[in-house]
Amino acid sequence: MKLSNSYFFTIRENIKDEDSVSGNLLTRGGFVRKNSAGVYMFLPLGLKVLNNIQNIVRDEMNKAGAQEVLMPALIPEETYVASGRRAGFGSSMFSLKDRNGKPFVLGPTHEELFAIAGAQGIHSYKDLPFNLYQLQTKFRDEPRPRFGLLRVREFIMHDAYSFDKDLEGLDVSYKKMYDAYVNCMKRFELDYVIVTADTGVMGGLLSQEFQALSETGEDTIVTCDSCDLSTNLEVAECPDHYEDDLSEYLPMEKVATPNAKTIEEVAAFFGKKPTDFVKTLIYKVDGKPVACLVRGNRDVNETKLRKYFGANEVELADAAMVEETTHARVGFAGPVGLSIPVMADYEVTHMRNFIVGANENDMHLKNVNLKDFRIDHVMDLRLIQDEDRCPVCGGKIVFRKGIEVANPFKLGDKYSKAMNLYYSDANNEKKPVIMGSYGLGIGRTMAAIVEQKHDDWGILWPISVAPYKVAIVPLDTKNEEMMNAANELYDRLNASGIDTLMDDRDERPGVKFKDMDLIGIPMRVTFGKAFKDGKVEFKLRTDAKAELIDANEAEEKIRNILSDYFAKQR
RNA sequence: CAGGGUGUGGCGAAGCUUGGUAUCGCGCACGGUUCGGGACCGUGAGACCAUGGGUUCGAAUCCCAUCACUCUGACCA
């Protein structure tokens, strides 16, 4: 591409409406532009990167033996009702009606449609296994889009679906996709970890996330410095490793605690620490109240709670529900005398003589013990914390932030049963097909790469995904000889399949350099002062200084760098 | 959903408290001087001040409503 006659622009100033490094640099470089909250235009440069990422995924999928298809985004709502996920997705699904009033949705993910597609081709065990994938636009009405391309409402996702006759087959299919994703990460040059995660609205047997490490990430990752523990915060275990408190039982006592309702306020009142309390949180689990008990310095892990109940939605109860269930204002809930289900964290069962709310305004109970109230279920209910030890080996745990770029699932038979996807085995018995599903966010990957690879001047694209591999920058556009030589190199590189950009604009050198740095082209060939001696400058975007080389050696040098690079990517 | 902020030429902002018909920087056009890390001087074009209503002789400015964008929290008792 020649810049002088193309849709190319950069923005010098910061973008007000972009809250992340990647969103800012991608907008300033003219890759993307926000059109509405969480919905982006992809401009020429941005589309080139997006296509490069998609082609890497496509290549890895094809190598893994998957076949590409394209499913509709516009889907009858009843499809998701059949699997039970219409309710699961709730308001995060975009929905609309056709002219006859028939409800449709815009697909947020496609397990159902692929199960339907599978059913059309699967009759016998001889039809299995196989694997389908697509690169397609998904729609999710996120409550709060943010961080540029990282959390959006319309995005291109790669999703793949495997079909097997049994769990052993699924293991093989899963491994292939897992390996394909590992290869993709390598080719994207992402610094990442793989963590076990919650299966969430997908359901199924196993979920792993490929998390690109970045402070901008919205996910918290828990790893251990002495074993290979690697898990998402929301599923990190807090096993029953607590020591019993053996102090003598004291008699329960009701104490007036006016104007004190937070743990800190009440602790100050009693002259005690938060660890001497049992916190009672009223949750709304699919609309029904549930009390959760954790030690005063702990937090409830809502994912664990949701999993235990198999619920779609878990949130803290509103004030009205708290008052109805505890007969007191918010701030005085306690387990004694509650008539709703009571869940307790393991740790609570090892405590003695603790303080709880009295279910009465401005009152707390002290010296409460397990005999004083009913617990319906004891479980691992809390969020892991800094001071906790590794649940596997007891080592020191480390918290990091990550961007979830890919997520393979072992689904099992959940969707097969819901969507009537069965096959006949060798004994002519009807069995559900065993499915896996695999997703990788294309735009999110693009943003994650920028989050990891940038400097003060702009983006540092890896060669594999860079919109152009080489930028040719002639500094004197009036010098005919120089322009001829630059054009010749430009033509030769492009003719041999090396995507090359030429900055033939009549701009000052500084402008051209700044722009090329901002958009992050990996290699730059500058035709400048030394051209009269037959020399050009060659510079890698990641290097501070340029080197002077013979003009007629530039092409070979670029070829060598690229062939070395791609050899290492294999 | 709850609470806060913002909306002014293409972009970024000032003006609003204390009403009097819009200012600055970037960008753009033209002329000139420049020309190796976002040049300088001069001239110029470009705005129904988010939308709708109200108060007023007069509204970007005050009042009401709506919409959009954005931040914080996703209510930790």
Side-chain angles (χ1 to χ4, degrees), chain A residues 9-20 23-24 27-28 30 33-39 90-92 141-148 218 257 260-267 274 277-284 291-302 305 313-323 325-326 328-335 355-359 361-364 381-383 385 456-458 473-479 503 505-518 524 526-531 536-537 539 544-546 548:
Chain A
F9 61 91
T10 54
I11 299 170
R12 290 185 188 184
E13 291 159 64
N14 263 356
I15 308 299
K16 190 182 70 168
D17 286 348
E18 289 297 346
D19 51 1
S20 62
N24 220 293
T27 305
R28 287 183 50 210
R33 202 60 188 263
K34 189 185 316 198
N35 190 52
S36 65
V39 184
S91 51
S92 62
D141 196 358
E142 295 284 345
R144 225 179 114 188
R146 60 178 135 182
F147 302 137
E218 296 183 274
T257 53
K261 46 181 230 163
T262 67
I263 290 278
E264 286 70 27
E265 287 163 5
V266 184
F277 285 73
V278 166
K279 203 151 68 167
T280 305
L281 301 174
I282 311 296
Y283 271 90
K284 190 151 79 171
C292 294
L293 309 185
V294 293
R295 194 168 201 143
N297 59 327
R298 308 299 190 191
D299 291 307
V300 169
N301 182 325
E302 297 178 9
L305 184 61
E313 209 177 359
V314 164
E315 55 181 338
L316 272 165
D318 49 44
M321 183 179 270
V322 172
E323 283 171 28
T325 52
T326 67
R329 294 195 310 272
V330 172
F332 302 97
I355 302 167
V356 300
N359 297 328
N361 284 341
D362 298 321
M363 300 297 265
H364 279 77
L381 188 57
R382 71 178 182 89
L383 225 39
Q385 290 172 324
D456 290 347
W457 298 274
V473 183
L475 293 184
D476 183 1
T477 52
K478 302 211 169 53
N479 181 333
D503 191 351
R505 296 174 300 171
D506 183 19
E507 288 286 356
R508 298 163 63 85
V511 174
K512 296 188 179 191
F513 294 150
K514 292 282 188 200
D515 275 347
M516 292 308 105
D517 285 350
L518 177 59
R524 190 176 83 197
T526 306
F527 287 70
K529 277 178 186 149
F531 177 69
V536 295
E537 288 158 40
K539 181 179 170 302
K545 283 193 174 164
L548 220 49

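Because the structure is a prediction, the values reported are computed rather than measured. Numbers restart at 1 for each chain; the letters A, B, ... are given by sequence-line order, proteins then strands.
Across the C1' atoms, C62(B) and U18(B) are found 11 Å apart, a figure rounded to whole Å. Comparing C64(B) with G5(B), their P atoms sit 13 Å apart, to the nearest whole Å. Separating the P atom of U61(B) from that of C71(B) is a span of 27 Å, rounded to the nearest Å. Only the C1' atoms considered, G4(B) is 50 Å distant from U34(B), to the nearest whole Å. Using P as the reference atom, C48(B) and G52(B) are 12 Å apart when rounded to the nearest Å. If you take atom P in C16(B) and the same atom in C76(B), they sit 39 Å apart, rounded to whole Å. Annotation: U43(B) and G25(B) have their P atoms spaced 12 Å apart (nearest Å). For the C1' atoms, the distance linking G10(B) with G46(B) amounts to 9 Å, nearest Å.
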Contacts under 3.5 Å, N or O only, protein and nucleotides 74-76 of chain B:
{"from": "C76(B)", "atom 1": "O2", "to": "D299(A)", "atom 2": "OD1", "distance (Å)": "2.8"}

Just the atom pairs and distances: protein N or O near nucleotides 41-47 of chain B's N or O, under 3.5 Å.
none

Atom pairs under 3.5 Å: protein N/O with N/O of nucleotides 33-36 of chain B:
{"from": "U34(B)", "atom 1": "O2", "to": "R508(A)", "atom 2": "NH1", "distance (Å)": "2.8"}
{"from": "G36(B)", "atom 1": "O6", "to": "K529(A)", "atom 2": "N", "distance (Å)": "2.1"}
{"from": "G36(B)", "atom 1": "N1", "to": "E537(A)", "atom 2": "OE1", "distance (Å)": "3.4"}
{"from": "G36(B)", "atom 1": "N1", "to": "E537(A)", "atom 2": "OE2", "distance (Å)": "2.3"}
{"from": "G36(B)", "atom 1": "N2", "to": "E537(A)", "atom 2": "OE1", "distance (Å)": "2.3"}
{"from": "G36(B)", "atom 1": "N2", "to": "E537(A)", "atom 2": "OE2", "distance (Å)": "2.9"}

At a cut-off of 3.5 Å, list every protein nitrogen or oxygen paired with a nitrogen or oxygen from nucleotides 24-27 of chain B, distance to 0.1 Å.
{"from": "G27(B)", "atom 1": "OP1", "to": "R12(A)", "atom 2": "NH1", "distance (Å)": "3.3"}

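One distance of note links CZ of R295(A) with CZ of F277(A); it measures 12.0 Å at 0.5 Å rounding. The NZ atom of K529(A) sits 9.0 Å away from the CG atom of L475(A) when rounded to the nearest 0.5 Å.
Using a 4.0 Å heavy-atom cutoff across all strands shown, V294(A) reaches no nucleic acid atom at all. If you check every strand for non-hydrogen atoms under 4.0 Å, D517(A) touches a base. Residue-level contact check: T326(A) touches neither bases nor backbone, having no heavy atom under 4.0 Å from any strand. Residue contacts for R28(A): at a heavy-atom cut-off of 4.0 Å it reaches a base atom on one of the strands shown. Among the heavy atoms of the strands lying under 4.0 Å from I282(A) is at least one base atom, whether or not backbone atoms are also near.
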Begin with the C-alpha distance, continue with both residues' side-chain angles, and end with the deciding distance and a verdict on side-chain contact (heavy atoms from CB on, under 4.5 Å) for R298(A) and K279(A). CA-CA 8 Å; R298(A) 308 299 190 191; K279(A) 203 151 68 167; 5.9 Å; no
Would T27(A) and R33(A) satisfy side-chain contact (heavy atoms from CB on, under 4.5 Å), going step by step from the backbone distance to the final call? CA-CA 6 Å; T27(A) 305; R33(A) 202 60 188 263; 3.6 Å; yes
Going through the distances and angles, do K514(A) and T10(A) end up as a side-chain contact (heavy atoms from CB on, under 4.5 Å)? CA-CA 10 Å; K514(A) 292 282 188 200; T10(A) 54; over 6 Å; no
Pair D362(A)-R329(A), side-chain contact (heavy atoms from CB on, under 4.5 Å): steps then yes or no: CA-CA 9 Å; D362(A) 298 321; R329(A) 294 195 310 272; 3.2 Å; yes
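A donor-acceptor pair under 3.5 Å links the side-chain atoms of D19(A) to the main chain of F147(A), judged by distance alone. Although no hydrogens or angles enter the test, the distance criterion places a donor-acceptor pair under 3.5 Å between the side chain of Q385(A) and the main chain of N297(A). Using modelled atom types, no side-chain atom of S36(A) and backbone atom of V39(A) make a donor-acceptor pair closer than 3.5 Å. The main-chain N or O of V473(A) is never found under 3.5 Å from a side-chain atom of K512(A) such that the two would form a donor-acceptor pair.
A salt bridge between K284(A) and D318(A) is present, with a side-chain N of the basic residue lying under 4.0 Å from a carboxylate O of the acidic one. Electrostatic pairing of K478(A) and D476(A) does not count as a salt bridge here, judged by no charged N lying under 4.0 Å from a carboxylate O.
Residues R382(A) and N301(A) form no side-chain contact, since every pair of their non-hydrogen atoms from C-beta on lies 4.5 Å or further apart.
Nearer the 5' end of RNA chain B, as judged by each residue's closest nucleotide, is the contact made by K34(A), out of K34(A) and T280(A).
The nearest whole Å value for the distance from the NZ atom in K512(A) to the C1' atom in G37(B) is 13 Å. A straight line from CG of D506(A) to P of A29(B) spans 11 Å, rounded to a whole angstrom. Whole-Å rounding puts the F147(A) CZ to C69(B) P distance at 18 Å. The CG atom of N24(A) sits 16 Å away from the P atom of C11(B) (whole-angstrom rounding). For the pair E218(A) CD and U72(B) C1', the interatomic distance rounds to 14 Å; values are reported in whole Å. When the P atom of G12(B) is taken as reference, atom CZ of F9(A) falls 12 Å away, rounded to whole Å.
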Toss me the dot-bracket line for RNA chain B: Watson-Crick and G-U wobble, both under 3.5 Å, 5' to 3', using | for pairs to another strand and [ ] for crossers. ((((((((.[[[[.)....(..]]]].((((((.....)))))).....[[[[[..)....]]]]])))))))....
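In terms of heavy atoms, S20(A) sits closest to G23(A) at OG-N, 3.0 Å. Scanning both residues, L281(A) and V300(A), for their nearest heavy atoms gives CD1-CG2, 3.4 Å. Here the closest non-hydrogen pair linking A333(A) and T326(A) is CB-CG2, 3.8 Å. In terms of heavy atoms, G334(A) sits closest to N359(A) at N-OD1, 2.8 Å.
Considering only residues two or more places apart in sequence or on other chains, D517(A) meets the salt bridge (charged side-chain N to carboxylate O under 4.0 Å, His left out) condition with R524(A), R541(A).
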